[in-house]
Number of protein chains: 2
Amino acid sequence: MKLLTKHTDYAIRALLELAGSKDEFLSAQQIAKRQRVPYQFLRQILQGLIKDKLVISKEGRGGGFRINKHPYLISIVDVIVIFQGNIQLSDCMFRKKLCINRANCVLRKQINRVEKLVNKEFKGITIGCLLRDLEKPKRRG
Amino acid sequence: MKLLTKHTDYAIRALLELAGSKDEFLSAQQIAKRQRVPYQFLRQILQGLIKDKLVISKEGRGGGFRINKHPYLISIVDVIVIFQGNIQLSDCMFRKKLCINRANCVLRKQINRVEKLVNKEFKGITIGCLLRDLEKPKRRG
DNA sequence: TTAACTGACATTATTATAGTATCAGTTATA
DNA sequence: TATAACTGATACTATAATAATGTCAGTTAA
Ligand code: FES
Ligand code: FES
């Protein structure tokens, strides 16, 4: 069972790369090479990030992509939502006839609660804090 | 994004049905009909439940399946684990070279934390409490 | 004017999930 | 003792989600 797909995975890597060179434009080629991600696939993903204005692009020679938001303001939920839709742990499992008491259904309630929890937790994980973690690899134990 | 698959869905329904007729053997046919679940698919699922001894079976005419554990001791995690494996929200997203500081990786830590949370929450949801909810549909508001 | 780029979109491959089919063996019962 | 109603086991097919590739038109800097 996977909560995060490759789309999300690669998107986060791309964002980390772009956050690391904040003011430059990086081409899809460069990002693909540095992060070892399939080039064409990455391009699709970058288009997704553009739609939500997490990055902007510049066409033509010397063009590429640049991050468009402060890294601490981009959480991994933002990315998940673009590529996988809202975090929804399950459709309502039981249909009307079975689950007469939908409003009070324990399963429904619990799943909703867990869902909110996951959302909240993931909102706290930002590109900024991930980048900081990557850039300060040596901490004394 | 789905956390619960049809296997899990149907398994929970079957368990609810069996928990409702604790001491009888119900045939796969009966369960399939009552819960409106595809018969052959359900049979596969019941075999899964047998392997973990959540239910036992009786072969031959008049045979079928019977629940084998107290409903309050069967949580939906038990069922999820059988059909979908351990709740693991993602594989480690970044490989060694990228994430030098694996031990301290924020993402890794956070995802692990959320994972534990989900597990804990789902452990609290048992067949017993779901059945109780189904059987007492009318609560005063 | 051409090499290095993005935009847009069609296509294919791979894997996970969902569902069906078949047949051998068991058991109650008529 | 024949047979109808069952399970056990496993092979198979279908469908959908995910992952990845390919192509071509248009843009821009050098
Ligand atoms: S699971 Fe949907 S109402 Fe109970
Ligand atoms: S995500 Fe795996 S070590 Fe950071």
Side-chain angles (χ1 to χ4, degrees), chain A residues 1-14 18 24-33 35-68 79-80 82-86 88 90-91 93, chain B residues 1-14 18 24-33 35-68 79-80 82-86 88 90-91 93:
Chain A
M1 178 191 358
K2 264 190 235 161
L3 191 58
L4 308 182
T5 65
K6 291 284 172 194
H7 289 83
T8 304
D9 176 342
Y10 297 163
I12 293 178
R13 290 158 183 253
L18 291 168
E24 293 172 71
F25 281 93
L26 296 183
S27 73
Q29 289 252 17
Q30 291 176 298
I31 300 172
K33 200 174 266 178
Q35 295 284 344
R36 299 182 194 185
V37 156
Y39 170 66
Q40 294 290 3
F41 195 20
L42 178 65
R43 288 190 57 204
Q44 275 189 15
I45 288 163
L46 287 164
Q47 291 305 316
L49 295 177
I50 279 183
K51 270 183 198 151
D52 260 37
K53 303 188 179 165
L54 298 186
V55 306
I56 56 171
S57 65
K58 194 172 87 180
E59 284 183 73
R61 185 170 184 163
F65 302 84
R66 191 170 68 184
I67 201 160
N68 193 37
V79 181
I80 293 175
I82 294 173
F83 300 104
Q84 308 175 232
N86 281 307
Q88 189 185 350
S90 92
D91 296 333
M93 282 178 67
Chain B
M1 177 192 0
K2 265 191 234 163
L3 191 59
L4 308 181
T5 64
K6 291 284 172 194
H7 287 85
T8 304
D9 175 343
Y10 296 164
I12 293 179
R13 290 158 184 254
L18 291 169
E24 293 173 72
F25 280 92
L26 297 183
S27 73
Q29 289 251 15
Q30 289 176 298
I31 299 171
K33 200 173 268 179
Q35 295 285 343
R36 297 180 197 186
V37 156
Y39 170 65
Q40 295 290 3
F41 195 20
L42 178 65
R43 287 189 58 203
Q44 276 188 13
I45 289 164
L46 287 164
Q47 292 305 315
L49 296 178
I50 279 183
K51 270 182 197 151
D52 260 38
K53 303 190 180 164
L54 298 186
V55 306
I56 55 171
S57 65
K58 194 171 88 179
E59 284 184 71
R61 185 171 184 159
F65 302 84
R66 190 170 68 183
I67 202 161
N68 193 37
V79 180
I80 293 175
I82 295 175
F83 299 105
Q84 308 174 232
N86 281 308
Q88 188 186 351
S90 92
D91 297 333
M93 281 179 68

- Item | Worked check of side chain to side chain contact (heavy atoms under 4.5 Å, CB included) between A:Ile56 and A:Ile50 | CA-CA 6 Å; A:Ile56 56 171; A:Ile50 279 183; over 6 Å; no

- Message: Once ring pair (Phe, Tyr, Trp, His ring centres under 6.0 Å) is applied, what residue pairs with a partner in residues 40-65 of chain A remain, sequence neighbours excluded?
- Response: A:His7-A:Phe41, A:Tyr10-A:Phe41

- Pull out every residue in residues 26-33 of chain B that has a heavy atom closer than 4.0 Å to any atom of DNA chain D, ordered by number, or say none. B:Ser27, B:Ala28

- Item | Side-chain N,O (A:Thr5) to OP1/OP2 (D:dA19) below 4.0 Å | yes

- Task: Nearest whole angstrom, please: distance from the P of D:dA11 to the CD of B:Gln40.
- Result: 15 Å

- Query: Looking only at side-chain N and O atoms, does A:Ser57 come under 4.0 Å of OP1 or OP2 in C:dC5?
  - Reply: no

- Message: Please tell me if A:Tyr39 has a side-chain N or O lying less than 4.0 Å from either OP1 or OP2 of D:dA20.
- Response: no

- Touch class at under 4.0 angstrom, heavy-atom based, for A:Ile50 against every strand present: sugar-phosphate

- Taking only the side-chain nitrogens and oxygens of B:Gln47, find out if one of them lies under 4.0 Å from OP1 or OP2 of D:dA9. yes

- Message: If I take atom CD1 in residue A:Ile56 and atom P in nucleotide C:dC5, what distance separates them, rounded to the nearest angstrom?
- Response: 17 Å

- Item | Side-chain heavy-atom pair B:Leu49, B:Phe83 within 4.5 angstrom cut-off | yes

- Task: Using a 4.0 Å cut-off on protein heavy atoms (strictly under), produce a 5'-to-3' string for nucleotides 24-30 of chain C with B for base contact, S for backbone-only sugar-phosphate contact, and - for none.
- Result: -BBBB--

- Message: Taking 4.0 Å as the cut-off, does a side-chain nitrogen or oxygen of A:His7 come that near to OP1 or OP2 on D:dA19?
- Response: yes

